[in-house]
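Reminder, nothing fancy here: chain letters follow the sequence lines and each chain counts from 1.
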Amino acid sequence: MIQLAYIRENKQDVINRLAIKNIDATAAIEEIIALDQEKRRAQTEVEALLSEQNTLEKQIGELFKSGKKAEADDLKNRSAAIKEVSKGYEDKLAKLEEDLKNALIVLPNIPSTMVPPGKTPEENEVVFLNEKNMPKLADDSLPHWELTAKYDIIDFELGNKIAGAGFPVYKGQGAKLQRALINFFLDQASKAGYYEVQPPILINEESGFGTGQLPDKEGQMYHVTADNLYLIPTAEVPVTNIFRDTIVKAEEMPIKYTAYTPCFRREAGSYGAHVRGLNRLHQFDKVEIVQIAHPKDSYAILEEMRNYVCSLLDLLELPYRTLKLCGGDMSFASALTYDMEVWSGAQKRWLEVSSVSNFESFQANRLKLRYREGNDKPVLAHTLNGSALALPRIVASLLENNQTIDGIRIPAALVSYTGFDTIK
RNA sequence: GGUGAGAUGCCUGAGUGGCCGAAAGGAACAGUUUGCUAAACUGUCGUACGGGUAACUGUACCGAGGGUUCGAAUCCCUCUCUCACCGCCA
């Protein structure tokens with residue numbers, strides 16, 4: 001949620017920058033400013049009446065104590081009359097507050113000034129390219145969904161039987177590879193100073209609201225209606241919500257957390273060749289990194305996180321590139337996002353394996369996540385997160401790029417985790 | 001799932017209708033004292049939203065939502081959560 005005070009003072013800037021996200025917010029911003037003005041006026045009115053009411057109440061108390069019942073009764077009547085009037089104002093104020101909030105929460109975050117314009121993913125800016133590990137594959141190289149069948153390491157049909165499409169069963173060396181990657185990513189994150197947590201993988205509505213999934217993206221999450229809980233689409237939600245309604249000390253920042261969780265996404269309506277195999281799943285594993293940062297540091301930290309993710313890809317010996325997302329491809333809550341994509345040798349295309357974003361105070365405003373500097377007033381913190389990393393496409397790329405006649409080679413960094421150096 | 005007890009500020013904890021935005025203690029922060037540490041003393045010490053250049057000031061908030069009353073942390077109702085015991089159970 002964009003800070004109201006910012007909108008109030010920088011109306012045109014907000015409109016201009018939301019245009020980078022291809023949103024014409026002119027009408028919405030005008031409405032918000034009008035509602036805000038009206039709301040404040042109503043608040044002043046209501047509070048004046050309440051103040052009068054409070055004064056009367058005190059006087060009535062005094063009069064009762066000194067036994068002046070008649071005078072007290074007289075004031076009671078006045079009080080009742082004021083109450084009658086103020087009730088109407090209070091309802092009006094509540095309505096205005098509601099309308100204002102509703103207008104604010106549907107507004108996406110303002111993109112950073114660094115965000116390039118553009119409408120489609122094709123307009124994302126390639127800011128880094130590492131082709132050092134580009135595979136030289138034979139013409140008869142197999143896509144991962146054939147490799148997984150050949151070595152019997154991931155069974156899509158079996159998962160289909162148990163749950164449905166998009167819920168694969170990892171088997172044998174495939175299962176061990178999953179576990180190895182999770183442990184590898186968590187160990188690396190710990191080494192980089194992230195504090196490891198295991199959060200719930202079901203979340204309530206408030207948590208979904210806090211990070212911006214609700215009410216906007218309701219349909220993308222699995223909803224457990226009996227208990228009104230949602231399966232997490234990413235660990236970002238439970239981990240960031242650890243800090244909902246908190247005030248942290250400025251010197252404690254940046255706060256760095258990491259978590260491994262399964263992630264669940266309904267992905268309604270996406271079918272076709274590009275979602276084959278591991279390319280798009282309903283359930284997948286991911287290690288997430290989250291930081292709570294001081295506003296002055298958040299962009300430096302975004303770079304640090306991005307470099308950290310790249311370091312993982314280097315260790316896995318994968319070719320990759322980094323994209324700076326254009327306005328049109330950015331998420332609702334993000335101010336600046338980098339996507340990391342690995343090269344998938346047999347599919348011959350780039351696969352997104354990580355998305356690292358700075359949300360500035362957008363999530364913090366919804367979460368009421370603030371920091372305090374000394375004895376100053378609390379200020380909204382900045383939140384950031386990134387995948388480090390999402391497993392399925394990493395696996396797809398590892399399998400495809402490292403396929404040989406003798407099996408699939410496991411990158412050196414992983415061997416101590418898998419316990420084998422080749423999938424046979 | 002059943003029964004009982006509870007939910008007050010950073011923490012402990014007092015408060016059963018007006019004098020309570022809330023005692024007291026602890027923690028924290030600042031200062032004084034001090035060779036250092038510790039201790040002692042003094043002061044500060046919730047949040048949000050308004051009004052005001054500011055000093056300051058108004059309103060709301062004692063788990064959440066309703067109700068009674070001129071007036072609610074305090075009484076009533078509903079819900080949520082926590083704890084204890086029982087049941088069930090990885």
Side-chain angles (χ1 to χ4, degrees), chain A residues 1-9 32-105 198-210 224-230 238 241-253 255 262 292 361 363-381:
Chain A
M1 184 157 65
I2 304 173
Q3 293 185 54
L4 182 57
Y6 189 84
I7 296 177
R8 200 143 64 197
E9 286 152 29
I32 285 167
I33 286 179
L35 280 170
D36 175 48
Q37 265 168 8
E38 239 187 294
K39 186 222 115 185
R40 283 187 294 163
R41 203 177 314 123
Q43 183 174 345
T44 307
E45 284 165 358
V46 167
E47 287 180 0
L49 288 169
L50 286 175
S51 179
E52 197 180 343
Q53 186 89 353
N54 287 340
T55 310
L56 279 176
E57 279 160 19
K58 285 206 182 74
Q59 288 171 355
I60 292 167
E62 299 292 325
L63 289 172
F64 263 119
K65 235 172 263 168
S66 48
K68 297 173 182 163
K69 193 164 176 311
E71 291 175 47
D73 284 339
D74 194 41
L75 288 190
K76 269 198 204 179
N77 291 336
R78 266 179 62 193
S79 173
I82 293 172
K83 200 175 177 181
E84 195 69 25
V85 179
S86 66
K87 187 83 187 101
Y89 279 105
E90 278 179 60
D91 291 345
K92 184 181 154 199
L93 176 61
K95 173 83 165 62
L96 284 167
E97 280 173 344
E98 173 89 13
D99 290 350
L100 182 58
K101 191 190 173 196
N102 288 339
L104 277 171
I105 62 170
Q198 266 198 25
I201 60 176
L202 279 94
I203 48 134
N204 59 28
E205 246 175 281
E206 285 154 289
S207 295
F209 176 80
V224 182
T225 51
D227 296 292
N228 197 25
L229 296 170
Y230 295 85
N241 271 280
I242 289 172
F243 298 95
R244 171 153 49 87
D245 284 318
T246 59
I247 301 173
V248 301
K249 292 199 182 88
E251 60 268 26
E252 290 169 352
M253 297 192 293
I255 296 170
I292 315 296
S361 62
Q363 290 182 330
N365 198 19
R366 292 175 159 236
L367 293 159
K368 297 202 178 13
L369 161 52
R370 291 158 295 167
Y371 69 92
R372 190 197 298 277
E373 206 121 32
N375 285 327
D376 293 354
K377 291 234 123 206
V379 179
L380 291 176

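- One can place CD of A/E45 at 19 Å from P of B/rG58, the figure rounded to the nearest angstrom.
- Taking only side-chain nitrogens and oxygens, A/N54 never comes nearer than 4.0 Å to OP1 or OP2 of B/rC70.
- In this structure, NZ in A/K39 is found 7.5 Å from CG in A/L4, a value given to the nearest 0.5 Å.
- The nearest heavy atom of RNA chain B to A/Q53 and to A/R8 marks one nucleotide each, and the one closer to the 5' end goes with A/R8.
- Between A/L96 atom CG and B/rC49 atom C1' the separation is 14 Å, expressed in whole Å.
- Of the candidates B/rU59, B/rG51, B/rA48, the closest approach to any side-chain atom of A/R370 belongs to B/rA48.
- Near RNA chain B, meaning a heavy atom under 4.0 Å away, the residues from residues 82-92 of chain A are A/K83.
- When the side-chain nitrogen and oxygen atoms of A/N77 are compared with OP1 and OP2 of B/rC70, none of them lie within a distance under 4.0 Å.
- With values rounded to the nearest 0.5 angstrom, A/D73 atom CG is found 12.0 Å from A/S79 atom OG.
- The backbone N or O of A/M1 lies less than 3.5 Å from a partner atom in the side chain of A/N365, making a donor-acceptor pair.
- Under 4.0 angstrom from either OP1 or OP2 of B/rG51 there lies no side-chain N or O belonging to A/R41.
- For A/S51 and B/rU59, the shortest distance from a side-chain N or O to OP1 or OP2 is below 4.0 Å.
- Put simply, A/R372 has a side-chain N or O that comes within less than 4.0 Å of OP1 or OP2 on B/rU47.
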Tabulate atom names and distances for all N/O pairs under 3.5 angstrom spanning the protein and nucleotides 18-23 of chain B.
from: B/rG18; atom 1: N2; to: A/E57; atom 2: O; distance (Å): 2.9

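- With respect to A/R372 and A/D376, no salt bridge is recorded, no charged nitrogen being found less than 4.0 Å from a carboxylate O.
- Here the P atom of nucleotide B/rG71 and the CZ atom of A/R78 are 15 Å apart, to the nearest Å.
- Set against B/rA48, B/rC70, B/rG50, the side chain of A/P378 has B/rA48 as its closest nucleotide.
- The existence of a salt bridge linking A/D36 and A/R40 is confirmed by a sub-4.0 Å separation between a basic side-chain nitrogen and an acidic carboxylate oxygen.
- Out of B/rA48, B/rU59, B/rG50, the shortest distance to the side chain of A/L50 is found at B/rU59.
- A/Y89 does not carry A/K95 over the face of its six-membered ring by the limits of under 6.0 Å from the centre and within 45° of the normal.
- Taking atom CD of residue A/E205 and atom P of nucleotide B/rU80, one finds them 15 Å apart after rounding to whole Å.
- Between A/R40 and B/rC49 there is no side-chain N or O to OP1 or OP2 distance below 4.0 Å.
- Within 4.0 Å (heavy atoms only), A/K39 reaches sugar-phosphate atoms of the nucleic acid but no base atom.
- Look at A/K249 and you won't find any side-chain N or O under 4.0 angstrom from OP1 or OP2 of B/rC10.
- Defined by atom type and a distance below 3.5 Å, a donor-acceptor pair is present between the side-chain atoms of A/S207 and A/N204.
- Distance, A/E71 CD to B/rC70 C1': 15 Å, rounded to whole Å.
- Summarising the geometry of A/Y371 relative to A/A250, their closest heavy-atom pair is CD1-CB, 3.9 Å, with the distance given to 0.1 Å.
- Look at NZ on A/K377: it is 21 Å from P on B/rC29, rounded to the nearest Å.
- Stem regions for RNA chain B, each three or more consecutive Watson-Crick or G-U pairs with both distances under 3.5 Å and listed by first number, read B:1-7 with B:80-86, B:10-12 with B:24-26, B:28-32 with B:40-44, B:46-51 with B:56-61, B:63-67 with B:75-79.
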